[in-house]
Amino acid sequence: MNETTEKYPANFIRTIIEKDVQAGKHSGRVVTRFPPEPNGYLHIGHAKAICLNFGMARDFGGSTNLRFDDTNPLKENAEFMESMQTDITWLGFEWRELRNASDYFEQLFNFAVQLINKDRAYVDSQTAEQIRVNRGSLTQPGTDSPFRDRTINENLELFQRMRDGDFADGEHVLRLKIDMTSPNINMRDPTIYRIRHVIHHQTGDAWCIYPMYDYTHCISDSLEGVTHSLCDLGFEDHRPLYDWVLNELAMNAHPQQIEFSRLNLQYTVMSKRKLKQLVEENLVDGWDDPRLPTLAGLRRRGYTPEAIRDFCRRIGVTKSDNNVELAMLQSCLREDLEGKAPRAMAVLNPVRVTIENYPKGQVERLSVDNHPKDESMGQREVPFARDIYIDRADFREEANRKYKRLVLGGEVRLRNAYVIRADRIVRDPQGEIIEIVCTYDPETLGRNPESRKIRGVIHWVSAEHALPALFNLYEPLFTVDFPDMSVQDYRELLNPNSRVVAEGFVEASLGNAQSDVQYQFEREGYFCIDNKHDGGDQLVFNRSVELRDTWSKIEGREEAQR
RNA sequence: UGGGGUGUCGCCAAGUCGGUAAGGCACAAGGUUUUGAUCCUUGCAUGCGCAGGUUCGAGUCCUGCCACCCCAGCCA
């Protein structure tokens, strides 16, 4: 993945920016910003916005600021700021400057005074309930507040006293004086300041009035020289307000707000409220639970920044509602990992195999490629001995020709080793197979027999040398593709099998598995070390994604036919 | 029933001045293969929400419908 391929494919925002640059608008500069509210963890939907903002600026030689939209101290905290910086950096982006909306509180206050002086803002002393009622409805115009005609001086004095802490929470608010009959509800004298006697994580007790989003955002953008202010469709109705404020203030930089649709991904939820609820109600194991669509969760699951960036590129940017299939995300991960994940063998659901004609006590140190197509990844040593484990799913007492694995009386290739034949099975008193007794063909190491065709290859580990391991096998967190659309509460749709722990073995070389390396356990999927789950003496791996599996499709089809 | 949006293959999505429907995912078929992986090849929208109209020609222009999404926080 290089700079060229990382470029965003054509989309309507790129078209707008291209035209602006050509026309010399904003002197041909491109400045964007990513403005999260620090009230949760960043998720894959944010990644879409991050890639867009940073990507567009990069493609046009511009820059991007990270700005925390910290205007509501009730919901925000510094810990979330930390995690967001970690996640953005991990994703691979660098901001030019880190700002907080709270850096502008003093300026914002002064701008508000300006608006009061222009008779474009007033202190309203109605209750929240009265304001709500007087706002009207979608089809009914609103009515003017009885306080709408206060004199400029009275407003000035009241606003100053609000700042000075003379009033309790909710006693007054500052509102813009626009038009209570506007068909656009956002223009019906929106509130821009409210009283909150709370400590702010950045400004401490310096303020007891806090500006609101609509007022703060456009001014912050302008102050930072942002040229293109990209946000989601939810703010389309707010654009007239964004422009109104900047025009009334006669700001010399007037960014263009452009809206795009947010990402909807199958089998998950994306709203911060719901993610927060899942975490706080312990329905998952924290913000970095590998089943969550948070960047922290995806990272722990084994997703790479490259895969996520590629995903954001592939899903595109439009204004239409989208419902992206999970397969798209998984495909991006597989594509990234295929070329760079070292291979290894792991048996998730072991059954013992004894190779009767292999000398007891003998151990062969087989030299095995770490990647089938990339010699530069080198080789490793894999011990082979008389007792090994294979996966239960790789053996059947009887099967038709389509089954290409080990069948009683049949042969199969042990990956990177010999061809074996299953001679008989040993069962426990309950009837379960506990051992498969085989014989091996010593002539088949590194070459195929000439007389017959070996159709299958299965993986294995040496029983004596293998390391016990736990495998977190994940399924989607929800049982339905779009939990948000269900009439049921999304918490009732949690998939009980979203995390299943398998107990098995990994080959000895994984004893020094790196925690930041994704491995492909051949025929099983891509895995990475999970250093948060406690496995005691055992290694713990997370399955990031399975390998593409055409066999299970064929098998499923046959099952269905029966 | 106010305002703002969106409708191109199962999903995502490209479609400059109207010129005769990119690509990816998924799926299907075949080839290679000591991963039923990868890789390679091939297939996959006479049609772009619907109905009219303009035009030699319309996904692209016009008109009228229809469907879906968003907005009534002192949240962002």
Side-chain angles (χ1 to χ4, degrees), chain A residues 9-11 15 35-37 39 69 71-72 74-76 124 126-129 131-133 135-142 169-175 182-188 190-196 210 212-214 216-217 231-240 259 261 263 266 272-273 313-332 334-335 338-339 343 345 371-373 402-405 412-419 444 446-448 454-459 520-525 546-555:
Chain A
N11 65 57
T15 304
E37 180 187 19
N39 67 343
D69 227 324
T71 55
N72 187 358
L74 256 25
K75 292 188 177 176
E76 301 147 4
D124 195 352
Q126 294 182 102
T127 62
E129 172 66 10
I131 289 179
R132 188 181 63 74
V133 170
R135 186 159 27 232
S137 72
L138 296 178
T139 50
Q140 294 292 121
D169 290 4
E171 264 190 80
H172 308 282
V173 292
L174 186 70
R175 290 230 257 169
S182 172
N184 180 348
I185 292 185
N186 297 117
M187 299 299 271
R188 320 238 258 233
T191 299
I192 60 168
Y193 268 94
R194 73 292 217 191
I195 301 170
R196 289 268 184 281
Y210 293 97
M212 293 184 60
Y213 169 84
D214 283 311
T216 306
H217 201 82
C231 61
D232 76 67
L233 252 29
F235 296 101
E236 258 172 330
D237 294 343
H238 297 241
R239 192 178 346 115
E259 311 85 8
S261 54
L263 166 69
Q266 280 187 335
K272 276 206 255 185
R273 192 195 111 243
R313 213 173 299 125
R314 288 201 218 178
I315 58 174
V317 181
T318 66
K319 296 181 75 134
S320 45
D321 288 343
N322 57 82
N323 296 247
V324 178
E325 291 175 341
L326 198 53
M328 184 84 93
L329 217 210
Q330 297 175 328
S331 162
C332 291
R334 289 194 192 105
E335 186 174 311
E338 156 60 25
R343 273 77 231 257
M345 291 195 283
H371 191 107
K373 291 184 174 175
K402 283 192 178 167
Y403 186 80
K404 302 199 297 186
R405 308 176 187 186
V412 77
R413 150 87 53 194
L414 289 176
R415 174 75 167 152
N416 296 128
Y418 300 92
V419 170
T444 54
R447 64 163 171 247
N448 284 320
I454 307 300
R455 299 182 64 242
V457 181
I458 64 173
H459 56 94
Q520 185 197 97
F521 292 164
E522 289 186 285
R523 306 208 311 129
E524 294 290 0
E546 294 174 64
L547 256 29
R548 202 171 268 110
D549 184 4
T550 43
W551 165 242
S552 69
K553 261 176 232 157
I554 296 167
E555 200 183 24

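Given the structure is predicted, the values throughout are model-derived calculations rather than measurements. Order of the sequence lines fixes the chain letters, A, B, ..., with proteins taken first and strands second; residue numbering starts at 1 for each chain.
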Identify the pairs formed between an N or O of the protein and an N or O of nucleotides 39-43 of chain B at a distance under 3.5 Å, and give each distance.
unit_1, atom_1, unit_2, atom_2, d
C39(B), O4', K373(A), NZ, 3.0

Distances under 3.5 Å only, N/O to N/O: pair up the protein atoms with those of nucleotides 7-11 of chain B.
unit_1, atom_1, unit_2, atom_2, d
G10(B), N2, E325(A), OE1, 3.0
C11(B), O4', E325(A), OE2, 3.1
C11(B), O3', N323(A), O, 3.2
C11(B), O2', N323(A), O, 2.7

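Side-chain proximity of H238(A) to U35(B), C74(B), A76(B): nearest is A76(B). The E236(A) side chain lies nearest to G4(B) when the options are G4(B), G2(B), G3(B). You'll find that the side chain of L547(A) is closest to A37(B), out of C25(B), A76(B), A37(B). For L138(A), the listed nucleotide lying nearest its side chain is G2(B); candidates were C74(B), G36(B), G2(B). The side chain of A128(A) sits closest to C74(B) out of A26(B), C74(B), U35(B). Side-chain proximity of T139(A) to the nucleotides G2(B), U35(B), C25(B) is greatest for G2(B). Comparing A13(B), G15(B), C71(B) by their nearest atom to the side chain of T318(A) picks out A13(B). For I315(A), the side-chain atoms get nearest to C12(B) when compared with the rest of C12(B), A72(B), A76(B). Here the side chain of P372(A) is nearest to one of C25(B), U35(B), C74(B), namely U35(B). Side chain of D237(A), nearest nucleotide from C70(B), G36(B), A76(B): C70(B).
A76(B) has no base stacking with the ring of Y213(A) when judged by centroids under 5.5 angstrom apart and an interplanar angle below 30°.
For D214(A) (side chain) and I192(A) (main-chain N/O), no donor-acceptor pair under 3.5 Å exists by modelled atom type. Side chain of S261(A) to backbone of D321(A): no donor-acceptor contact under 3.5 angstrom is found. In this structure, Q140(A) contributes its side chain and G136(A) its backbone to no donor-acceptor pair below 3.5 Å. Looking only at distances, a side-chain donor or acceptor of Q266(A) sits under 3.5 Å from a matching main-chain atom of L326(A).
Counting all heavy atoms, side chain and backbone alike, R313(A) lies closest to P9(A) at CG-CD, 3.5 Å.
When each of E76(A), K75(A), K272(A) is tested with N39(A) by the rule side-chain hydrogen bond (donor to acceptor under 3.5 Å, both in side chains), just one qualifies, namely K272(A).
The distance from atom CD1 of I185(A) to atom C1' of A72(B) is 4 Å, rounded to the nearest whole Å. Atom CG of N11(A) is separated from atom C1' of C12(B) by 13 Å (rounded to the nearest Å). If you take CG of N184(A) and P of G4(B), they are 8 Å apart, rounded to a whole angstrom. The CD atom of E522(A) sits 17 Å away from the P atom of U33(B) (whole-angstrom rounding). Taking atom NZ on K553(A) and atom C1' on A26(B), their separation rounds to 8 Å, with Å as the unit. Note: CD (Q520(A)) to P (G36(B)) measures 10 Å, nearest angstrom. Whole-Å rounding puts the M187(A) CE to G2(B) C1' distance at 15 Å. We find that NE2 of H371(A) is positioned 11 Å from C1' of U35(B), with the value rounded to whole Å.
By the rule that a glycosidic angle within 90° of 0 means syn, G73(B) counts as syn.
Residue-level contact check: V419(A) touches neither bases nor backbone, having no heavy atom under 4.0 Å from any strand. Residue I454(A) is out of contact with every strand shown, counting any heavy-atom pair closer than 4.0 Å. Among the atoms of the strands shown, base atoms are found under 4.0 Å from some heavy atom of F235(A). Within the 4.0 angstrom heavy-atom criterion, only backbone atoms of the sugar-phosphate kind lie near R135(A); the bases stay farther away. Contact annotation for R405(A): base contact, defined as any heavy-atom pair under 4.0 Å involving a base atom.
Comparing the P positions of C62(B) and U55(B) gives a spacing of 16 Å, expressed to the nearest Å. Nucleotides G31(B) and C69(B) are separated by 46 Å at their C1' atoms, to the nearest Å. Taking atom C1' in both C9(B) and A21(B), the straight-line distance is 11 Å, to the nearest Å. Atom name C1', nucleotides A13(B) and G7(B): the rounded distance is 14 Å, in whole Å. Comparing G18(B) with C25(B), their C1' atoms sit 31 Å apart, to the nearest whole Å. Remark: the separation of the C1' atoms in U46(B) and U6(B) is 26 Å, to the nearest Å. On the C1' atoms, G47(B) is 12 Å away from A58(B), given to the nearest whole Å. Comparing the same atom, C1', in C48(B) and in G59(B) gives a spacing of 5 Å after rounding to whole Å.
At a cut-off of 3.5 angstrom, the base of G23(B) holds no donor-acceptor pair with the side chain of R314(A). Counting atom types as modelled, E524(A) pairs no side-chain N or O with a base atom of U35(B) as donor and acceptor under 3.5 Å.
In this structure, K319(A) pairs ionically with E236(A), as a charged nitrogen and a carboxylate oxygen lie closer than 4.0 Å. Classification of E338(A) and R343(A) as a salt-bridged pair holds, one side-chain N sitting under 4.0 Å from a carboxylate O. By the 4.0 Å N-to-carboxylate-O rule, E259(A) lies close enough to R239(A) to be salt-bridged with it.
In this structure U63(B) sits in a base pair with A51(B), meeting the Watson-Crick or G-U test at under 3.5 Å. Under the Watson-Crick and G-U wobble criteria, each requiring two contacts below 3.5 Å, nucleotide C27(B) is paired to G43(B). Pair assignment for C56(B) gives G19(B), based on Watson-Crick or G-U wobble hydrogen-bonding distances that are each under 3.5 Å.
With RNA chain B read from its 5' end, the first of the two nearest nucleotides for A417(A) and I195(A) is the one closest to A417(A). Mapped onto RNA chain B by nearest heavy atom, Q126(A) and N416(A) fall at different nucleotides, with N416(A) at the one closer to the 5' end.
Every side chain to side chain contact (heavy atoms under 4.5 Å, CB included) that V173(A) has, sequence neighbours left out, goes to D124(A), I131(A), R175(A), T191(A), R194(A).
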